[in-house]
Amino acid sequence: MIEFDRKAARTAGLGLLAWYEANKRDLPWRRLRDPYAIWVSETMLQQTRVETVIPYWERWLTLFPTVEALAQALESDVLKAWEGLGYYSRARNLQKAAQAVCERHAGVVPDTLDEMRALPGVGPYTAGAVLSIAYDRDVPAVDGNVFRVLSRLFLIEEDIMKPKSRKTFESIAAYMIPEGRAASFNQGLMELGATVCIPKNPRCHNCPVQETCMAFAEGVQEEFPVKEKKKPPRPVDMTAALLRDGDQLLIRRRPDTGLLAGLWEFPGGERAEGETLEQALVRHLQEAHGITVQPESLFATVEHTFSHLHWTMRVYDCAIVEGTVRVSEDVRWVPVDKLEDYAFPVAHGKIVKQLGGLL
DNA sequence: AACTCGGGGCG
DNA sequence: CGCCCAGAGTT
């Protein structure tokens, strides 16, 4: 269990509540108490700024004013209304959830965490937000703003990217809720994060809870929240061979599992530790196709970044000096002008593009 | 636990 | 332009 200063937490909770009541922005969904309208706003606000959401939310409530209207709408109209907001599965899930609410709850947005969580697209944050804001339940709603504010207030060093750390923040937030006031407290916490306790250059000079903020006291607010730096893509030296037979080139299909499964590529592979690029290429062609090749000249260098890898792929014009390629369903000689019929990974597609001169 | 989905703001 | 933002579902 995480340690935090209980007294400071209660003080900050009350301070945040008072600040919110005095300073809250006049947002359209804050004028309503309709759980459906609030649910829609919270779904739209996931990873999306308030100013962007407002016009979408207003149009949405006109087009689909009730859970029933959304449930019965054409999916194409639903997606059209979401167009430009991004993360379109949010829209699809919202409609699926509306249909489930009609079937299971007679069109009434559920007022328990378990029932909300059971709806598609409703995770821990959205369930907490709807329950507290629409139904005045004293439950926490922890989003990215809350991670940031609480990690600074209490100097929490847990990595917020780890799933288990959400529990830490939820229990602190739950403890801070002034009884019966979760709706305003939760929104206050998030509003502070959105307008004052922002990621870069936080405006500590007009923060209502500056005096109880441990990060401010130590001048380390910019260091929080702690987030594992996503490691940069691992550099990989790749090789690929251009093997010609008249106007034909040799390509092969990648395995059905793993990276780029089932796509076509020029034969080659990764350079291993202690190998030269040429040695790697000769080895891969020997191992995979039983032929000995001679890299003759560098045809192209292609860079491609995946989320976890960065390929520097050197493409060599090669001659076969020994052996014959066994062709099959997955290994083919293909005329240059037919290559476009095959699906290549982007990196190999870049090679195909540069082949224009061979036509 | 790692990856995917998108558009927008910021330096 | 690249980097950051950070909910929920999927694998």
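Proteins get letters first, then strands, A, B, ... in listed order; numbering begins at 1 in each.
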Participant: Show your working on ring pair (Phe, Tyr, Trp, His ring centres under 6.0 Å) between A:F4 and A:Y175 and close with a plain yes or no.
Facilitator: CA-CA 10 Å; A:F4 65 96; A:Y175 188 83; 5.5 Å; yes

Participant: Rounded to whole angstroms, how far apart are CD on A:E222 and P on B:dG11?
Facilitator: 11 Å

Participant: Do A:E115 and A:T112 meet the criterion of a side-chain donor-acceptor pair at a distance under 3.5 Å?
Facilitator: yes

Participant: Between A:Q286 and A:T292, is there a side-chain heavy-atom distance shorter than 4.5 Å?
Facilitator: yes

Participant: In whole angstrom, give the distance that lies between atom CG of A:D159 and atom C1' of B:dA2.
Facilitator: 13 Å

Participant: A side-chain contact here means heavy atoms from C-beta on lying under 4.5 Å apart; do A:Y87 and A:T48 qualify?
Facilitator: no

Participant: Please list every stem that involves DNA chain C, where a stem is a run of 3 or more consecutive Watson-Crick or G-U wobble pairs with both pairing distances under 3.5 Å.
Facilitator: B:1-5 with C:7-11, B:7-11 with C:1-5

Participant: In this structure, how many angstroms lie between the P atom of C:dC4 and the NZ atom of A:K200, rounded?
Facilitator: 7 Å

Participant: Out of C:dA8, B:dG11, B:dA1, which nucleotide sits closest to the side chain of A:P163?
Facilitator: B:dA1

Participant: Check whether any side-chain N or O of A:Y88 sits under 4.0 Å from OP1 or OP2 of B:dG7, and answer yes or no.
Facilitator: yes

Participant: If we take the C1' atom in both B:dG9 and C:dA8, what is their distance in whole Å?
Facilitator: 23 Å

Participant: Tell me, do A:M176 and A:L17 make a side-chain contact under 4.5 Å, heavy atoms counted?
Facilitator: no

Participant: Taking atom P of B:dG7 as reference, at what distance in whole Å does atom CD of A:Q47 sit?
Facilitator: 13 Å

Participant: Starting at CG of A:N186 and ending at P of C:dG7, how long is that distance when rounded to a whole Å?
Facilitator: 14 Å

Participant: Mind calculating the distance between CZ (A:R90) and C1' (C:dA8) to the nearest angstrom?
Facilitator: 10 Å

Participant: Reckon A:T43 touches a base, only the sugar-phosphate, or nothing at all at heavy-atom distances under 4.0 Å?
Facilitator: nothing

Participant: Ring of A:F216, cation from A:R152 - is the NZ or CZ under 6.0 Å from the centre and inside 45° of the axis?
Facilitator: no

Participant: If you assign A:Y56 and A:N201 each to the DNA chain B nucleotide with the nearest heavy atom, which residue ends up on the more 5' nucleotide?
Facilitator: A:Y56

Participant: In whole angstrom, what separates A:E42's CD from C:dA6's P?
Facilitator: 15 Å

Participant: What is the distance, to the nearest angstrom, from the CZ atom on A:R49 to the P atom on B:dC10?
Facilitator: 6 Å

Participant: Of all heavy-atom pairs between A:Y135 and A:P110, which one has the smallest distance, and what is that distance?
Facilitator: CE1-O, 3.3 Å

Participant: When you check the gap from the basic side-chain N to the acidic O, do A:E158 and A:K162 get nearer than 4.0 Å?
Facilitator: no

Participant: Could you work out the separation of B:dG8 and C:dG9 based on their C1' atoms and round it to a whole Å?
Facilitator: 23 Å

Participant: Side-chain N or O of A:R148 versus OP1/OP2 of C:dA6: is the shortest distance under 4.0 Å?
Facilitator: yes

Participant: Below 4.0 angstrom from OP1 or OP2 of B:dT4, is there any side-chain N or O of A:S89?
Facilitator: no

Participant: Measuring from the side chain of A:N145 (C-beta onward, heavy atoms only), which nucleotide among C:dG7, C:dA8, C:dA6 has the closest atom?
Facilitator: C:dA6

Participant: Which part of the nucleic acid does A:Y87 contact within heavy-atom distance under 4.0 Å: base, sugar-phosphate only, or nothing?
Facilitator: base

